[in-house]
Amino acid sequence: MVDRFERFSLAISEISRHWHKLASGEMKRYGLRGAHAIYLLAMLRYPEGISAPKLCELCCKDKSDVSRMLSIMEEKGYVTKEENGGSLYRGLFKLTDAGHTVAQEVCGRASLAVALAGGDLAPEKREVLYEALESIAANLRKLSKKGLPGE
């Protein structure tokens, strides 16, 4: 059992470390950090705009992180906040033309990284991998809310 835990933990940690290193390197050219990539990709799917709470949900990030990241992207001219219902309070964030260009480039580079990283996996193995990861994530989400059962 410990072997399984160690293999899982180390593999996830290593994947995360290398992914963040790649993302950071790619995002430097835009004056952004690697963490901005996930926000740009999420916003690309919502050309009509997206609320900060929806970004929190999609990117699995807390409100303060989303706020900081959006603020930086606004300063760089990649994102703008537009009124929603006559108020900026619950405004929608949209990619500017420059932001859309960056998001498209990031999307292409991310797709390349994923293709190269999983290039030796057959499509059916890749599907099983994603299903397994989604199942593990859902189970860990529940466990992190409830805690481990018993002693």
Side-chain angles (χ1 to χ4, degrees), residues 1-74 76 78-79 81 84 90-96 98-151:
M1 187 78 85
V2 172
D3 181 48
R4 220 171 99 191
F5 169 77
E6 287 179 72
R7 286 181 69 195
F8 174 80
S9 296
L10 291 173
I12 294 296
S13 180
E14 186 173 8
I15 289 167
S16 178
R17 187 181 75 221
H18 293 300
W19 183 257
H20 287 291
K21 183 178 179 180
L22 282 170
S24 292
E26 290 293 320
M27 297 306 290
K28 276 184 186 176
R29 72 181 78 185
Y30 308 110
L32 298 172
R33 293 184 288 186
H36 287 102
I38 192 72
Y39 295 106
L40 288 170
L41 296 178
M43 293 179 75
L44 193 57
R45 295 188 314 224
Y46 292 86
E48 70 283 354
I50 187 169
S51 68
K54 183 69 175 178
L55 268 176
C56 290
E57 178 186 324
L58 289 174
C59 300
C60 297
K61 301 291 184 180
D62 63 36
K63 185 179 174 182
S64 63
D65 189 65
V66 170
S67 179
R68 276 190 309 274
M69 294 298 165
L70 287 171
S71 177
I72 292 168
M73 290 190 294
E74 273 187 290
K76 301 280 183 185
Y78 298 135
V79 172
K81 187 175 184 181
N84 185 20
R90 296 205 182 262
L92 296 177
F93 291 90
K94 291 185 178 184
L95 293 172
T96 62
H100 190 268
T101 298
V102 168
Q104 289 282 11
E105 290 172 8
V106 169
C107 184
R109 298 293 288 170
S111 293
L112 175 61
V114 169
L116 292 172
D120 58 344
L121 292 176
E124 53 278 356
K125 281 190 173 184
R126 188 176 301 113
E127 187 57 34
V128 169
L129 169 69
Y130 290 136
E131 287 174 8
L133 287 172
E134 288 165 357
S135 176
I136 290 168
N139 291 333
L140 287 173
R141 189 178 314 114
K142 289 177 197 170
L143 286 171
S144 71
K145 288 180 183 176
K146 296 179 184 178
L148 292 174
E151 289 186 0

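Since this is a predicted model, take the numbers as computed values, not measurements.
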Taking [X] for the side chain and [Y] for the main chain, is one N or O donor matched with an acceptor at less than 3.5 Å?
{"X": "Asp65", "Y": "Lys61", "value": "no"}
{"X": "Ser111", "Y": "Cys107", "value": "yes"}
{"X": "Ser9", "Y": "Phe5", "value": "yes"}
{"X": "Arg7", "Y": "Arg4", "value": "no"}

Spatial distance of atom [atom1] ([X]) from atom [atom2] ([Y]) [nearest 0.5 Å]:
{"X": "Met27", "Y": "His20", "atom1": "CE", "atom2": "NE2", "value": "13.0 Å"}
{"X": "Met43", "Y": "Cys59", "atom1": "CE", "atom2": "SG", "value": "9.5 Å"}
{"X": "Leu55", "Y": "Lys63", "atom1": "CG", "atom2": "NZ", "value": "13.0 Å"}
{"X": "Ser71", "Y": "Lys76", "atom1": "OG", "atom2": "NZ", "value": "11.0 Å"}
{"X": "His36", "Y": "Arg68", "atom1": "NE2", "atom2": "CZ", "value": "10.0 Å"}
{"X": "Ile15", "Y": "Arg17", "atom1": "CD1", "atom2": "CZ", "value": "11.0 Å"}

Identify the two heavy atoms, one from [X] and one from [Y], that lie closest to each other, and give their separation to 0.1 Å.
{"X": "Ala35", "Y": "Met69", "answer": "CB-CE, 3.8 Å"}
{"X": "Ala103", "Y": "Leu95", "answer": "CB-CD1, 3.8 Å"}
{"X": "Pro149", "Y": "Leu143", "answer": "CD-CD2, 4.3 Å"}
{"X": "Tyr30", "Y": "Tyr78", "answer": "O-OH, 3.0 Å"}

- Query: Which residues pass the side chain to side chain contact (heavy atoms under 4.5 Å, CB included) test with Lys54, sequence neighbours left out?
  - Reply: Tyr46, Ile50, Ser51, Glu57, Leu58
- Sequence neighbours excluded, which residues qualify as side chain to side chain contact (heavy atoms under 4.5 Å, CB included) partners of Gln104? Leu44, His100
- Task: Walk me through it: do Leu133 and Ile12 pass the test side chain to side chain contact (heavy atoms under 4.5 Å, CB included)?
- Result: CA-CA 10 Å; Leu133 287 172; Ile12 294 296; 4.2 Å; yes
- Item | Pairwise side chain to side chain donor-acceptor pair (under 3.5 Å) hits with a residue in residues 141-150, at least two apart | none
- Message: Applying side chain to side chain contact (heavy atoms under 4.5 Å, CB included) to Tyr39 and Val66, what does each step give before you reach the verdict?
- Response: CA-CA 8 Å; Tyr39 295 106; Val66 170; 3.7 Å; yes
- When you look at CZ of Arg126, are more than 12 heavy atoms from neighbouring residues, nucleotides or ligands closer to it than 6.0 Å? yes
- Query: So do the side chains of Leu40 and Leu32 get within less than 4.5 Å of each other, counting heavy atoms only?
  - Reply: yes
- Message: Assess the residue pair Glu74 and Phe93 against the criterion (side chain to side chain contact (heavy atoms under 4.5 Å, CB included)); give the C-alpha distance rounded to whole Å, side-chain angles, the decisive distance to 0.1 Å, and a yes or no.
- Response: CA-CA 9 Å; Glu74 273 187 290; Phe93 291 90; 4.0 Å; yes
